[in-house]
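Reading through the structure tokens given below for one structure.
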Amino acid sequence: MSDIRARLGSAVSAAFEAEGLDPSLGRVSASDRPDLADFQCNGALAAAKAARGNPREIASRLVARLQGLPELEAVESAGPGFVNLKVALGLLSERAAEVAASDLAGASRVAAPRRVLVDYGGPNVAKPMHVGHLRAAIIGESIKRLFRFRGDEVLGDAHFGDWGFQMGLLITAVLDEGLDPARLTLEDLERLYPAAAAQAKADPAFRDRARKATAELQGGRADYRALWSRFVEVSRSALKREFHALGVDFDLWKGESDADPLIPAMVEDLRAKGLLEHDQGAEIVRVAREGDKRELPPLLVVSSEGSAMYGTTDLATIVDRRKSFDPDLILYVVDQRQADHFEQVFRAAALAGYAREGELEHIGFGTMNGADGKPFKTREGGVLKLHDLIAMVTDKARARLREADLGAELSPEAFEATAHKVAVAALKFADLSNFRGTSYVFDLDRFTSFEGKTGPYLLYQTVRVKSLLRKAAEQGAEAGPIAVAEPAERELALRLDAFDVAVCEAYDRRAPHAIAEHAYQLAQAFSRFYAACPILAVDLPGQRASRLALAQAVLKQLELSLHILGLEAPERM
RNA sequence: GCGCCCGUAGCUCAACUGGAUAGAGCAUCCGCCUUCUAAGCGGACGGUUGCAGGUUCGAGCCCUGCCGGGCGCGCCA
């Protein structure tokens with residue numbers, strides 16, 4: 001079972017071959033001119049270039065060979081040498097039925113499933129979750145779901161930030177204040193860390209004590225370890241709760257500390273391989289390469305204080321993952337600004353033989369900005385906690401629902417659950433509808449609007465389909481064979497067919513916005529269909545059954561799309 | 001200073017990696033509810049793709065140089 005594009009592609013490729021041309025030129029894609037065709041092939045242009053021929057003439061010969069195919073309603077050459085294809089209604093009906101019957105709503109699985117580890121979220125013991133963590137969580141969760149959807153074996157790892165200098169800072173701060181470790185709260189941590197970080201910048205003596213504490217913690221000093229596990233315990237449960245509220249859940253809650261026991265042996269291994277070098281009191285691995293445009297700094301493996309740096313931990317984590325899950329691919333969903341760091345780690349891993357080229361990939365993303373175009377801050381200029389952000393969006397979602405008089409008949413609990421779903425949808429869809437690499441501007445009013453390209457709109461449309469199907473069930477109306485006829489049905493069937501392209505593009509580019517775009521297009525196509533084609537009110541039982549089957553296929557594909565994006569539609573709103 | 005990314009409609013963003021007339025949403029204006037959720041649908045308006053060259057049948061996309069913005073550049077993560 002494959003999509004229409006692929007089926008037409010093989011027919012067109014065969015025509016290329018019959019003309020003595022490269023069959024790979026027969027690739028077919030959705031038409032740029034929906035007014036002229038459903039699909040098009042640009043291969044005649046490339047063929048003409050290679051063979052110094054006339055593209056229009058080649059296109060005409062291809063068209064002659066494709067004439068009369070039962071899959072096609074029309075085929076013609078156009079423009080400088082395009083082959084335009086219009087699909088027969090029979091094929092559209094057949095394909096829509098496939099989508100309706102398919103567990104994946106017409107999407108395909110990968111040919112060879114891989115073990116993939118997605119490293120995302122990156123919550124930190126010392127710091128509260130703030131808006132900076134939002135994108136990693138949203139994008140990473142979606143990529144995890146996307147890869148799993150296509151059949152890979154996937155694990156999501158929170159890769160908890162529970163090691164390194166920040167821990168030394170906290171230990172030093174707690175001891176200086178003489179706090180009782182047993183009574184430490186999340187609020188203490190959230191207060192102590194920023195203060196300690198600031199003090200370390202201003203006061204070199206304090207900084208040195210914190211660095212020493214870091215090294216001693218990593219060296220296994222018992223009282224520091226005890227204090228440290230208290231930090232981890234306090235913040236992990238809070239972080240789990242925060243993430244879960246966002247619909248973000250991890251398979252692994254590994255931390256940087258889990259890689260720590262592997263570090264001594266790894267350092268020895270690097271030394272034995274001749275990769276380690278003494279430099280300015282530290283030990284480094286040089287990763288610069290011939291022909292680099294810029295000078296990539298070496299990876300710092302052991303600091304002059306004797307402690308592990310974040311590159312060390314990242315490298316050891318690769319070793320750890322190699323031993324446990326042995327992934328074919330590790331995706332690091334981390335801020336784009338850390339690109340150089342990952343390049344350093346990846347190169348060091350390749351040099352040491354911990355991972356091959358291409359097995360490690362940094363999935364960078366831009367920042368979420370405020371109206372001023374700078375990374376999002378509170379009105380007072382501080383960092384906005386994720387918890388407060390979600391509360392803010394949920395408040396707005398509640399207000400929007402009331403404003404529109406939606407959900408009035410729901411119980412208070414159901415209303416609250418709906419408001420939360422709307423809020424999460426608003427936040428996540430706004431993020432995922434942009435390409436991850438670009439930064440975007442946070443705009444509460446726009447994100448929570450039910451109009452336009454928003455999460456709430458998608459939820460609303462999904463709920464409309466559910467409502468329709470519920471009503472059909474009450475009336476005893478059943479779905480039946482699909483017979484695409486009306487223009488709106490035709491458009492809808494084409495859109496259902498396009499799901500696989502969107503899924504594959506999102507997968508290949510690690511770019512969930514392709515799914516977001518598709519979901520929006522599908523919702524719109526359904527809405528046009530819904531407006532143009534009465535479903536329950538038609539007289540012909542066959543037509544009603546066909547349209548119900550289309551609606552069911554839409555609902556399935558919409559819900560799968562939402563699921564990949566990490567959203568969930570309520571039953572009613 | 002070196003390097004990376006970005007600059008597309010008034011605003012927020014796309015553009016299947018070189019193809020036809022650069023698309024959506026918001027905003028503005030005009031239509032459509034006795035009919036399955038109108039928070040919907042249809043239509044109109046809106047562009048020298050930052051600027052200047054180059055490569056070719058063809059450039060928002062590739063190359064060069066400017067202008068403007070963001071970010072990174074060894075002991076934080």
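These numbers come from the heavy atoms of this one structure, side chains and all, not from hydrogens, waters or symmetry mates. Chain identifiers are assigned alphabetically (A, B, ...) following the order of the sequence lines, protein sequences preceding nucleic acid strands; residue numbering begins at 1 within each chain.
Not a single donor-acceptor pair, N or O on each side, falls under 3.5 Å between the base of B:rG18 and the side chain of A:K49. Applying the 3.5 Å distance criterion, the base of B:rA77 shares no donor-acceptor pair with the side chain of A:D162.
Between the P atom of B:rC16 and the CD atom of A:Q521 lies a distance of 14 Å, rounded to the nearest Å. Computed from coordinates, the A:H133 NE2 to B:rA77 C1' distance equals 10 Å when rounded to whole Å.
By the criterion of a centre-to-centre distance under 5.5 Å and near-parallel planes under 30°, the ring of A:F82 forms no stack with the base of B:rG19.
If you check B:rC41, B:rC36, B:rG25 against the side chain of A:L468, the one that comes closest is B:rC36. Which of B:rA20, B:rG42, B:rA77 sits closest to the side chain of A:D32 comes down to B:rA20. Picking from B:rA20, B:rG74, B:rU37 the nucleotide with the shortest atom distance to the side chain of A:R464 gives B:rU37. Proximity note for A:S29 (side chain, C-beta onward) versus B:rU37, B:rC16, B:rA14: the nearest is B:rC16. The A:I535 side chain lies nearest to B:rC36 when the options are B:rG74, B:rC36, B:rU17.
Among the heavy atoms of the strands lying under 4.0 Å from A:D279 is at least one base atom, whether or not backbone atoms are also near.
The distance between the ring centers of A:F447 and A:F442 falls below 6.0 angstrom.
With a 6.0 Å cutoff to the six-membered ring centre and a 45° limit on the axis angle, A:R236 counts as a cation-pi contact of A:F160. Taking the ring centre of A:F365 as origin, the terminal cationic atom of A:R436 falls outside the region bounded by 6.0 Å and 45° from the ring axis. Taking the centre and axis of the six-membered ring of A:F16, the NZ or CZ atom of A:R27 falls outside the cone set by 45° and 6.0 Å.
Contact annotation: A:Q524 reaches the phosphate of B:rG25 (side-chain N/O to OP1 or OP2, under 4.0 Å). Of the side-chain N and O atoms in A:R509, one or more sit less than 4.0 angstrom from OP1 or OP2 of B:rA15. When the side-chain nitrogen and oxygen atoms of A:R211 are compared with OP1 and OP2 of B:rC76, one or more of them lie within a distance under 4.0 Å. The side chain of A:S527 places an N or O atom within less than 4.0 Å of a non-bridging phosphate oxygen (OP1 or OP2) of B:rC41.
Two residues, A:S433 and A:S449, neighbour RNA chain B, and the one matched to the more 5' nucleotide by heavy-atom proximity is A:S433.
Note on ring orientation: taking the six-membered ring where Trp is involved, the planes of A:F342 and A:Y332 are tilted (angle from 30° to 60°).
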